Amino acid sequence: MQISTRTGPRILAILGPTNTGKTHLAMERMLAHTTGMIGFPLRLLARENYDRAVAKVGKGAVALITGEERILPKTARYFLCTVEAMPVAKQVDFLAIDEIQMCADPERGHVFTDRLLHARGRSETMFMGAETIRPVIRKLVDNVEFDRRERFSTLSYNGAKKIQRLPAQSAVVTFSAQEVYAVAELVRRQKGGAAVVLGALSPRTRNAQVEMFQNGEVEHLIATDAIGMGLNLDLNHVAFAAMKKFDGKFNRGLTAAETAQIAGRAGRHMNDGTFGVTGNLSGIDADIIEQIEEHEFEPLAKVFWRNARLDFRSVGALQKSLRKRSDDPTLMLAREPVDEIMLDHLARNEDVARIATAPDRVQLLWEICQIPDFRNIHTDAHPRLLTSIYRYLAKPGSKLPIDWLGEQVLRLDRYDGDIDQLSSRLAGIRVWTYVSHKHHWLEDANHWQERTRAIEDKLSDVLHERLTQRFVDRRTSVLLKSLKDKSELMSTITANGEVQVEGEFVGRLDGFRFIADETDAAFEGKAIASAARRALTGEIAQRVKQLETDEDDKFAVNGKLEVLWNGAQVGVLKKGDTVLSPEVQVIDSEFFDGPTRERVRTRLQNFVNSHIEARLKMLTRLRDCQLSGPIRGLLFQLNEGLGCVPRSELESLVKDLSDEDRKALAKLGVRLGVETVHVLDALKPDPVELRGILWAVARELDALPELPPAGRTSVPNDRANSKGFYLAAGYMPVGPLAARVDMLERFAALLRQKARENDGKVRPDPDLLSLLGCTVEQAEGVFTALGWRAEVTKVKKSELEAKEAEKKAEEAAKAAAKTDADKATAEKPEGSDAAETETKADAKAEDAAPVEAKAEPAKAEAETAAETPAVETDADGDELVEVKYFVRVDRRKRGGGQNRGQRGPRQEARGKGGPKGKGGNRPHQGGKGGRGGKPGGGRHQAPEKANQINEDSPFAKLKEMLEAKG
């Protein structure tokens with residue numbers, strides 16, 4: 001049947017493709033009237049045009065009405081609304097509906113069709129949309145004036161492109177949140193970032209994302225078909241990554257008109273646009289391409305409709321009226337809209353069915369079923385929520401309980417979590433924002449509107465931040481934008497070397513090397529490198545000049561064999577002609593050309609040379625002194641050994657030194673030790689570190705091994721370190737230890753002294769241990785390495801303890817004498833008699849000695865009894881104990897004499913007071929010492945053996961026992 005419409009007021013249908021200025025015309029026409037109203041398909045568009053109207057006529061004259069937002073000034077004359085929220089009962093002079101072809105939308109089409117049939121302005125009505133809706137409007141509405149608008153710019157197809165080759169100001173379109181996020185992640189890695197637009201986002205979040213794109217912060221937009229509904233974007237190209245969408249029931253292909261609606265967003269006003277495909281798509285059907293480019297599509301024959309005259313006598317009557325079909329074949333029954341699905345679900349609930357028995361309660365139930373399911377989670381969560389709301393409101397005069405409502409809202413007032421969690425909470429709070437605008441449902445509705453809106457805004461802002469953090473690299477975006485400008489980049493270098501370009505951190509400047517901030521995107525890395533090169537070229541030139549003029553205290557070398565300038569590595573040491581003349585290799589920099597690199601190398605080489613001269617002067621003067629003969633060869637070897645060489649390697653040269661040579665070496669600080677030949681001043685910590693570095697450089701190592709700690713007289717001999725390393729560090733490997741060479745010489749000298757004092761036998765006593773700071777076991781290993789052999793002898797325990805007590809008494813006497821002397825010096829007036837103090841100290845020591853002597857044997861006896869159950873005794877019953885001594889192993893054969901400079905046991909037995917030399921008389925020899933005869937021509941008596949039995953040994957006691965028995 002023909003739908004009758006009013007005659008008289010003007011009805012216009014402004015039809016045409018996108019970018020024809022239809023919405024702009026409607027806004028101009030509305031503001032030309034005294035009152036007006038426009039219905040938009042999206043809350044986002046309603047808000048955008050509300051802001052435009054406010055800018056022209058003032059805030060008090062404009063109202064915004066959507067399901068989730070109501071701004072209603074008392075003096076409002078113009079109403080910007082979503083189509084569903086339009087107060088159609090309100091009379092206005094001008095009324096318009098945007099995107100009227102949405103009458104054919106399966107989910108919302110019945111609402112647009114209702115507005116097409118019934119919404120009118122007193123003076124003028126305008127429908128704006130695609131040309132495809134023309135036959136439907138002509139059939140359903142009388143007296144319509146049609147105005148076809150042509151596109152301001154051309155739209156053409158340009159084929160398939162890879163995502164990384166998409167031009168700037170492109171949009172990539174796909175049809176699920178997961179696909180949008182996947183494409184956005186890919187674009188971020190390859191193009192620096194992207195904005196995202198989905199229907200599930202709140203208008204505030206979508207606005208923020210679109211604004212980021214519009215401002216040029218990103219060059220690409222990843223979106224669903226949400227961009228097809230009137231979003232004004234500066235797009236040059238639209239690329240489809242998918243050509244199928246889920247419409248709520250089926251996964252179907254896009255129609256030519258739907259494809260054109262989305263592709264038509266490319267090109268703005270007079271700028272031409274292009275569309276194509278990307279990702280896994282190879283192309284678009286040729287017929288669809290032709291239709292889009294020519295703007296010729298198959299016209300609509302039918303639209304969706306739902307009966308507006310509802311029966312509220314019962315739930316069943318309401319359901320029946322909603323499913324009533326139209327007599328006009330142009331009007332198709334809507335496909336189970338969400339509100340009808342909710343009604344069917346709640347009608348099956350026994351509690352709801354029991355309550356919804358009166359028309360007012362049925363009408364309330366229908367109103368509650370129209371609460372949008374923004375969460376769109378397709379579970380029974382939304383029906384359960386609607387059921388709870390209905391139970392509370394169905395009671396006469398009831399409102400939603402404040403405690404319950406507060407609990408529901410509070411659960412969503414959280415801002416942690418990922419994008420999906422934030423999106424879910426945002427959808428949830430939008431439900432309560434919608435509910436808060438139902439004034440008759442709430443106590444203090446204004447309070448809940450403000451609270452839910454504040455939470456929605458905060459969630460929208462946080463979601464925008466999360467989307468930006470995930471899909472946009474602001475740094476790359478800023479750098480790309482700056483690089484395109486071709487202008488000089490603003491760069492800043494902090495005190496710790498951080499480089500910022502246009503306010504964005506891009507990396508660190510370490511000396512002359514730029515170390516870019518780590519990134520997993522090759523495209524981002526290229527942008528950073530390009531920006532850094534442009535920004536740092538001048539800075540590098542300035543730094544080279546500074547390096548050339550800086551004093552030597554700004555430079556250093558370290559154990560990694562690096563040359564540092566102001567703490568940054570600028571060079572590395574390499575092997576030179578001699579160990580004391582290493583070469584410098586400059587660390588490469590992309591900012592260096594040949595001459596610049598040579599300038600840096602020259603300055604670093606000069607520093608290294610002067611550094612060696614200053615720190616190792618005791619060695620460089622050995623190299624530079626003009627001497628000849630054996631001393632010259634010795635000095636050369638000493639230089640190559642960095643001031644420390646084993647004596648055994650130089651023995652032939654040392655033998656040939658004259659007295660004058662030895663005096664010259666002493667003046668140069670060279671010490672001819674028994675174990676080593678070394679330069680004493682080279683053992684100080686500062687020269688030692690540099691010596692170690694030069695040793696590592698000469699052997700082409702990557703780094704210097706860890707040096708012994710400063711001040712240590714010995715360290716464990718790590719077999720992983722070579723003998724050369726220890727010598728360069730001033731240490732000599734001896735058995736389990738590496739001993740500092742000066743302390744090793746003192747140790748060897750004390751060892752020889754103790755051997756002379758104890759008949760050639762030495763025990764590792766505290767005096768020796770303290771010199772090397774080692775244990776008894778370690779000292780025994782040192783003895784062996786130095787050529788001493790361990791011998792175990794059995795001696796009387798009482799005699800051993802007596803000797804130990806005597807020794808300790810002597811030490812105690814010396815310590816007491818020193819203490820009393822120090823005290824007397826401090827207390828007595830100047831010039832007092834010091835001898836008296838010494839006498840008292842000696843007396844005190846003598847008094848103390850017997851006590852200590854008695855205590856020690858007793859203690860030793862107790863320990864021995866506890867540790868050694870079996871006791872060995874001699875013939876007289878005296879207890880015997882084993883004692884380990886060390887005796888010198890002659891480097892030559894026994895009988896050939898001892899080593900030079902060391903007085904052995906046989907020389908000691910010869911007698912200290914006897915004459916020496918060829919002409920001296922020997923004991924038990926007559927005459928002048930001639931070999932021949934005895935007095936009177938007889939043979940002389942054989943001399944007494946010098947190695948007689950020691951009277952303290954067990955063998956002497958045995959001899960006495962044998963002699964007593966005859």
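Predicted, not measured: the structure shown is a model, and the values here were computed from it.
- Shown here for Leu235 and Ser170, the closest heavy-atom pair between the two residues is CD2-C, 3.8 Å.
- Between atom CD of residue Gln214 and atom CG of residue Leu221 there is a gap of 9.0 Å, rounded to the nearest 0.5 Å.
- Under 3.5 Å, the side chains of Gln209 and His464 contain a donor-acceptor pair of N or O atoms.
- Looking at Asp461 and Arg204, a side-chain N of the basic residue comes within less than 4.0 Å of a carboxylate O on the acidic one, giving a salt bridge.
- Counting heavy atoms from C-beta outward, Ile38 and Met27 have side chains that approach closer than 4.5 Å.
- Of the possible polar contacts, none joining the Thr174 side chain to the Ala242 backbone as a donor-acceptor pair under 3.5 Å is found.
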Checklist entry - Run the side chain to side chain contact (heavy atoms under 4.5 Å, CB included) check on Phe40 and Thr82 step by step: do they pass? => result CA-CA 5 Å; Phe40 294 97; Thr82 52; 5.8 Å; no

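- Atoms CE and OG1, on Met102 and Thr113 in that order, are 10.5 Å from each other to the nearest 0.5 Å.
- The main-chain N or O of Arg70 is found under 3.5 Å from a side-chain atom of His437 such that the two form a donor-acceptor pair.
- Counting all heavy atoms, side chain and backbone alike, Gly67 lies closest to Ala85 at N-CB, 4.0 Å.
- For the residue pair Glu99/Gln101, the side-chain donor-acceptor check at 3.5 Å is satisfied.
- Formation of a donor-acceptor pair under 3.5 Å by the Ser424 side chain with backbone atoms of Gln421 is not found in this model.
- Taking the side chain as every heavy atom from C-beta outward, Cys103 and His110 never approach each other to under 4.5 Å.
- Among all heavy-atom pairs drawn from Gly428 and Leu412, the shortest one is C-CD1, 3.5 Å.
- Between Leu318 and Leu343, some side-chain heavy-atom pair lies under the 4.5 Å cut-off.
- In this structure, Glu350 does not pair ionically with Arg354, as no charged nitrogen and carboxylate oxygen lie closer than 4.0 Å.
- Shown are Val472, Thr205, Leu422; of these, the side chain to side chain contact (heavy atoms under 4.5 Å, CB included) with Leu467 is made only by Thr205.
- Side-chain atoms of Asp418 come within 3.5 Å of backbone atoms of Asp420 as a donor-acceptor pair (strictly under, hydrogens ignored).
- With His382 contributing its side chain and Ile371 its backbone, the two residues share a donor-acceptor pair below 3.5 Å.
- Ion pair Arg425/Asp416 flagged as a salt bridge, since at least one NZ, NE, NH1 or NH2 atom sits closer than 4.0 Å to an Asp/Glu carboxylate oxygen.
- Side-chain contact, Glu340 with His345: no donor N or O sits under 3.5 Å from an acceptor N or O.
- When atom types are taken as modelled, the side chain of Glu443 and the backbone of Ile402 share no donor-acceptor pair closer than 3.5 angstrom.
- Of the inter-residue distances, the one linking Asn207 atom CG with Arg47 atom CZ reads 8.5 Å to the nearest 0.5 angstrom.
- Side-chain atoms of Thr259 and Phe240, non-hydrogen and from C-beta on, do get closer than 4.5 Å to each other.
- In this structure, Asp344 does not pair ionically with Arg348, as no charged nitrogen and carboxylate oxygen lie closer than 4.0 Å.
- For the residue pair Thr23/Asp98, the side-chain donor-acceptor check at 3.5 Å is satisfied.
- Formation of a donor-acceptor pair under 3.5 Å by the Asp380 side chain with backbone atoms of Pro383 is not found in this model.
- A salt bridge is defined here as a Lys NZ or Arg NE, NH1 or NH2 lying under 4.0 Å from an Asp or Glu carboxylate O, and Arg453 with Glu69 meets this definition.
- Shortest non-hydrogen contact noted between His237 and Pro167 is CB-CG, 4.0 Å.
- Panel note: side chain Ser398, backbone Ala394; no donor-acceptor pair is recorded below 3.5 Å.
- Ion pair Arg43/Glu48 not flagged as a salt bridge, since none of the NZ, NE, NH1 or NH2 atoms sits closer than 4.0 Å to an Asp/Glu carboxylate oxygen.
- For the residue pair Thr278 and Ala239, the shortest heavy atom distance occurs at CG2-CB, 4.0 Å.
- Considering only heavy atoms from C-beta on, Leu442 stays 4.5 Å or farther from Lys399 through its side chain.
- Between Arg306 and Asp114, no side-chain nitrogen of the basic residue sits less than 4.0 Å from a carboxylate oxygen of the acidic one, so the salt-bridge criterion is not met.
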Next on the checklist: If you apply the rule salt bridge (charged side-chain N to carboxylate O under 4.0 Å, His left out), what do you find for Lys245 with Asp225, and how did you get there?
Outcome noted: CA-CA 9 Å; Lys245 65 175 289 186; Asp225 53 348; 2.7 Å; yes

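- Proximity of a side-chain donor or acceptor of Asn49 to a complementary backbone N or O of Leu45 within less than 3.5 Å is detected.
- With a 4.5 Å cut-off on side-chain heavy atoms, Leu80 and Ile65 do not count as touching.
- Trp404 and Trp432 have perpendicular rings, their planes meeting at more than 60° on a 0 to 90° scale where under 30° would count as parallel.
- Aromatic pair Tyr434/Phe374: ring centres not closer than 6.0 Å.
- Atom NE2 of His24 is surrounded by 12 or fewer heavy atoms from other residues, nucleotides or ligands within 6.0 Å.
- The cationic group of Lys458 lies under 6.0 Å from the six-membered ring centre of Tyr415 and within 45° of the ring axis, placing it in a cation-pi geometry.
- Lys438 and Glu68 are not joined by a salt bridge, as no carboxylate oxygen comes within less than 4.0 angstrom of a charged side-chain nitrogen.
- A donor-acceptor pair is defined here as one N or O able to donate and one able to accept, closer than 3.5 Å; such a pair exists between the side chain of Arg108 and the backbone of Pro41.
- Between Gln169 and Asp234 there is a side-chain heavy-atom pair separated by less than 4.5 Å.
- In terms of heavy-atom proximity, Ala63 sits nearest to Leu72 at CB-CD2, 3.8 Å.
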Item to check | Audit row: Phe471, Tyr181, ring pair (Phe, Tyr, Trp, His ring centres under 6.0 Å) steps and yes/no | outcome: CA-CA 8 Å; Phe471 301 122; Tyr181 294 157; 5.5 Å; yes

